[in-house]
2 protein chains.
Amino acid sequence: MAAAEQVPIPAIRRLSLYLRQLEAFQGAGRQTVSSRDLGHSLGVSDAQVRKDFGYFGQFGRPGVGYRVPELTERVRGILGTDKKTSVVLVGVGNLGRALIAYRGFAKRGFELVAALDDDPGKIGVRTPGPKPLVVRPVADIASVVRSHAVRVGLLAVPAPVAQQVAQLMVDSGIRGILNFAPVMLRLNGDVSVSSVDLAVHLEQLAFQVSACGA
Amino acid sequence: MAAAEQVPIPAIRRLSLYLRQLEAFQGAGRQTVSSRDLGHSLGVSDAQVRKDFGYFGQFGRPGVGYRVPELTERVRGILGTDKKTSVVLVGVGNLGRALIAYRGFAKRGFELVAALDDDPGKIGVRTPGPKPLVVRPVADIASVVRSHAVRVGLLAVPAPVAQQVAQLMVDSGIRGILNFAPVMLRLNGDVSVSSVDLAVHLEQLAFQVSACGA
DNA sequence: CTATGTGAACAGCTTCACAGCG
DNA sequence: CGCTGTGAAGCTGTTCACATAG
């Protein structure tokens with residue numbers, strides 16, 4: 001059974017990668033795949049692949065491998081990609097607009113249902129993108145979250161206001177935040193936060209490059 | 001000494017966070033800080049903070065803490081943030097334009113010296129941003145890298161061409177790639193790759209949220 | 001008495017290696 | 001044979017605890 005198993009966080013991230021690759025295989029009409037092939041195409045060891053699936057049950061057949069359509073469906077079920085997930089965006093600056101226009105979200109079952117900002121010059125503006133949205137004031141967040149049963153939000157506001165806006169999101173019922181502001185969020189309540197800080201990534205790369213060459 | 005010490009990769013990421021916080025403290029006129037205070041403001045344990053600095057030498061004074069200005073300078077030196085680092089961008093789509101306009105890079109010592117794309121409709125277009133750039137054809141990359149001594153590049157092209165463009169970057173002399181395309185890059189040569197896949201981040205959040213609530 | 005620096009204990013994730021099934 | 005599933009071993013990074021310095 002899979003119920004209260006202890007799943008390493010990195011395994012969940014890899015599950016997304018497996019799914020992406022499985023969809024590619026399925027699109028190419030492939031029927032089965034071995035842990036070795038799947039792992040090799042993603043730079044992961046075969047043992048790692050089997051372990052990762054092992055956290056959620058038994059999907060493969062010894063001597064054969066994994067059936068691609070079945071495994072794809074099972075992984076979708078685990079990640080919840082089989083259902084549409086509604087998300088909101090707070091902060092319609094440069095990054096926010098790029099997020100609105102990004103097609104990758106819709107491909108993975110995420111639907112952006114609202115774009116919020118408090119800049120008077122932005123409110124009411126119709127944004128381009130897969131699904132046109134009109135920018136609404138941040139104060140509308142509670143009603144948006146309630147009416148669309150939103151659980152996850154994208155936070156792309158300037159650093160100085162990120163903490164305060166994030167708490168508002170949580171208070172409105174959001175349970176997971178993908179944070180692009182370069183600050184550590186301290187939030188009351190049961191929330192998951194995942195931060196993407198572009199400058200930190202760049203600094204790490206720059207360090208590795210110079211450490212390697214030095 | 002700090003020479004051939006084995007530094008955990010997560011420690012380098014945290015170093016960026018420490019630096020950000022130290023700059024905030026310095027801006028507030030604070031003279032010293034303890035590992036406990038610095039860590040607490042970032043959600044890191046005090047022991048972790050001391051270990052991390054320990055990989056690079058001894059910076060603090062027992063009974064007092066760390067002197068903020070000195071530590072800031074030392075960390076800048078370690079990360080190379082004290083020198084300007086030139087970077088190039090390949091791929092001027094929605095995300096690429098957001099990256100051009102992003103002010104966070106310049107604040108951390110990174111300078112975008114060129115934006116490259118192969119779409120004829122984009123070449124020659126002047127982009128807005130901190131420093132206006134004219135989009136150039138990707139074929140120019142080798143000369144750009146040579147003339148500006150570029151080591152690090154941002155890759156924001158569509159997934160199907162990412163692999164090929166990445167190898168071109170490496171062949172042109174780039175040593176570190178921040179990859180936004182949702183594919184695993186397999187590159188010949190001594191390169192560091194850091195991938196940011198927004199859909200993967202969202203899927204992980206969605207999983208955590210539903211696993212928690214279920 | 002406060003706070004650093006660090007070896008030692010610990011935990012979590014990955015790799016290994018092999019039993020067992022097809 | 002080939003390949004999965006999985007306990008055991010190994011490794012890497014984090015936490016603990018204390019000697020040491022101010």
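In what follows, chains carry the letters A, B, and so on, assigned in the order in which the sequence lines appear, proteins first and then strands, with residues in each chain numbered from 1. Quantities reported herein were computed from a predicted structural model and do not represent experimental measurements.
A straight line from CG of D46(B) to P of dT6(C) spans 15 Å, rounded to a whole angstrom. Rounded to a whole Å, the CZ atom of F56(A) is 14 Å from the P atom of dG5(D). Atom NE2 in H40(A) sits roughly 14 Å away from atom P in dC3(D) (whole-Å rounding). Nucleotide dT4(D) holds its P atom 11 Å from the CG atom of L71(A), rounded to whole Å. Rounded to whole Å, the distance from OH on Y66(A) to P on dC3(D) is 12 Å. Straight-line distance from the CZ atom of R67(A) to the P atom of dG22(C): 15 Å, rounded to whole Å.
Neither OP1 nor OP2 of dA3(C) sits under 4.0 Å from any side-chain N or O of S35(B). Considering only side-chain N and O atoms, Q48(B) lies under 4.0 angstrom from the phosphate OP1 or OP2 of dT15(D). Phosphate proximity of dC13(C) to R14(A): absent, as no side-chain N or O sits under 4.0 Å from OP1 or OP2.
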Checklist entry - Can D197(A) and R108(B) be said to form a salt bridge (charged side-chain N to carboxylate O under 4.0 Å, His left out), step by step? => result CA-CA 12 Å; D197(A) 187 325; R108(B) 314 297 289 167; over 6 Å; no
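The local environment of CZ in R36(A) is sparse, with at most 12 non-hydrogen atoms from other residues, nucleotides or ligands closer than 6.0 Å.
Taking the six-membered ring where the residue is Trp, F105(B) and F110(B) present perpendicular rings, their angle passing 60° and hence far from 30°. Under the 30°/60° scheme for interplanar angles, the aromatic rings of F56(B) and F207(A) are found to stand perpendicular.
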Pairs under 3.5 angstrom, nitrogen or oxygen only, protein versus nucleotides 20-22 of chain D, please.
from	atom 1	to	atom 2	distance (Å)
dG22(D)	O4'	P62(B)	O	3.4

Could you pull out the protein-nucleic contacts involving nucleotides 6-9 of chain D (nitrogen or oxygen on both sides, under 3.5 Å)?
from	atom 1	to	atom 2	distance (Å)
dT6(D)	OP1	Q58(A)	OE1	3.1
dG7(D)	N7	K51(A)	NZ	3.4
dG7(D)	O6	K51(A)	NZ	3.4

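Tested against Y66(B), the residues F53(B), F25(B), Y18(B) include a single ring-ring contact (aromatic ring centres under 6.0 Å, His included) partner, F53(B).
Across all strands shown, F59(B) has heavy atoms under 4.0 Å from sugar-phosphate atoms exclusively, and none from any base.
Using a cutoff of 4.0 Å between basic side-chain nitrogens and carboxylate oxygens, R20(B) and E23(B) are not scored as salt-bridged.
With dA3(C), dT15(D), dT14(C) as the candidates, the nucleotide lying closest to the side chain of S34(B) is dA3(C).
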